[in-house]
Asks: 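Here it is, the structure, as structure tokens.
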Amino acid sequence: MSILKLVSSKAASEIDKELMGPQVGFTLQQLMELAGFSVAQAIQREYPLNQNRNKNGVFIIVGPGNNGGDGLVCARHLKLFGYNPIVYYPVRSKRTEFYSQLVNQLEFFQVPILSEEQQNKWTEYLEPGKIACIVDAIFGFSFKPPIREPFGTIVEELNKLEDKIPVVAVDIPTGWDVDNGPIENEPSYVPSVLVSLTVPKPCSQCINPKRTTHYVGGRFIPRHFAEKYGFEPYEYKGTDQILKF
Ligand SMILES: NC(=O)C1=CN([C@@H]2O[C@H](COP(=O)(O)OP(=O)(O)OC[C@H]3O[C@@H](n4cnc5c(N)ncnc54)[C@H](OP(=O)(O)O)[C@@H]3O)[C@@H](O)[C@H]2O)[C@@H](O)CC1
Ligand SMILES: [K+]
């Protein structure tokens, strides 16, 4: 198993920039599609569809940035896998047209996005008998504490729920400092699954393997690029988009 090399949040955004720079030329849409798809695959691996189909709900909390975009993409793939995703998207991204296309796709795929009034009662959708897991696609490597509302309250809810419904964190558990992990006197929770994208960030060192299963996803970098940033490329198996540590 390749050693768990880490890169700082600064290096993570440098990797991001270079992958989408003129030389490599990935678009954000391409990386986000692969990232969101890899999260959906990790969920299918950890919480396979059950035959009596009652516990196939997935509650996806989407933030205002690209971490949120990963959540919107993940929701679409989960629907295709046969799950019943529901999206809670309290602060809509105003960045690019691309986000409204992702929302349109969810409407086309009949994936419900909570309306204004439904958002006030969002915790009512978290019935342990119906929901296989919650997805934290709120913040990723650009989170800068202290957390601003409504996300502080949301993370406090996740903390209360962490033993009742598993939470799958996309790239970074929201509320954790990207490099140093949980922050004193700041809301945080412990995810059941962490899917690090491209390469684990330093905060992933703070997970307790007994409580959090750790995957790497976002299979889109060649060996020479990984080595340039000082980490071993991951030995993904076959066509897998994820690798469990
Ligand atoms: N690397 C890769 O190859 C790939 C990366 N990808 C994904 O991109 C993610 C990084 O995306 P990102 O840079 O858009 O930032 P992200 O973490 O979503 O948050 C930014 C938003 O949060 C807000 N915000 C920040 N702090 C806040 C606070 N305290 N309280 C409240 N709000 C706060 C901030 O608002 P602002 O501070 O700008 O007003 C802004 O709107 C990365 O983790 C991975 O998941 C994949 O899609 C593709 C492959
Ligand atoms: K997250």
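Note that ligands are numbered from 1 as they come in the structure, with each ligand's atoms numbered from 1 the same way. These numbers come from the heavy atoms of this one structure, side chains and all, not from hydrogens, waters or symmetry mates.
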Asks: List the closest protein heavy-atom neighbour of atom 23 (C) of ligand 1: residue, atom name, distance to the nearest 0.1 Å.
Replies: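 Going atom by atom, the protein heavy atom closest to atom 23 (C) of ligand 1 ends up being Phe139 CE2, 3.7 Å.
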Asks: Any idea which of Leu197, Val73, Asn67, Val199 brings a heavy atom closest to atom 9 (C) of ligand 1?
Replies: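 Minimum heavy-atom distance to atom 9 (C) of ligand 1 goes to Asn67.
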Asks: Within 4.0 Å of atom 34 (C) of ligand 1 (strictly less), any protein heavy atom?
Replies: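 Neighbour list for atom 34 (C) of ligand 1 is empty of protein heavy atoms (cut-off 4.0 Å).
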Asks: Looking at the K ion (ligand 2), is there an N, O or S atom belonging to Val170 that lies under 3.4 Å away from it?
Replies: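 Yes, since at least one N, O or S atom of Val170 sits under 3.4 Å from the K ion (ligand 2).
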Asks: At the 4.0 Å heavy-atom cut-off, does Ile147 count as touching ligand 1?
Replies: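 Yes; Ile147 lies near enough to ligand 1 that a heavy-atom distance drops under 4.0 Å.
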Asks: Which of these, Leu197, Asp70, Leu19, sits in a side-chain contact (heavy atoms from CB on, under 4.5 Å) with Leu31?
Replies: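 Going through the options one by one, the only one that passes is Leu19.
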Asks: Counting non-hydrogen protein atoms only, what is the nearest one to atom 4 (C) of ligand 1? Give residue, atom name and distance.
Replies: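 Sorting protein heavy atoms by distance from atom 4 (C) of ligand 1 puts Asp16 OD1, 3.5 Å first.
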Asks: Just to confirm, does any protein heavy atom lie below 4.0 Å from atom 43 (O) of ligand 1?
Replies: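 Yes, because at least one protein heavy atom sits under 4.0 Å from atom 43 (O) of ligand 1.
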Asks: Within less than 3.4 Å of the K ion (ligand 2), any N, O or S from Phe139?
Replies: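 Yes, since at least one N, O or S atom of Phe139 sits under 3.4 Å from the K ion (ligand 2).
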Asks: In this structure, does ligand 1 have an atom that sits under 4.0 Å from one of the heavy atoms of Gly63?
Replies: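 No, that is not the case, since the closest heavy atom of the residue is not under 4.0 Å from the ligand.
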Asks: Under a 3.5 Å cutoff, is there a donor and acceptor pairing between the side chains of Glu18 and Tyr229?
Replies: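 Distance-only check passes for Glu18 and Tyr229.
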Asks: Would you give the length of the straight line joining atom CD of Gln205 to atom CG of Asn180, rounded to the nearest 0.5 angstrom?
Replies: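 Separation between the atoms: 10.0 Å.
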Asks: At a 4.0 Å cut-off, with the gap strictly under it, does some heavy atom of Thr198 reach an atom of ligand 1?
Replies: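 Contact present.
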Asks: Below 3.4 Å, can you find an N, O or S atom of Asp136 next to the K ion (ligand 2)?
Replies: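 It does: Asp136 brings an N, O or S atom closer than 3.4 Å to the K ion (ligand 2).
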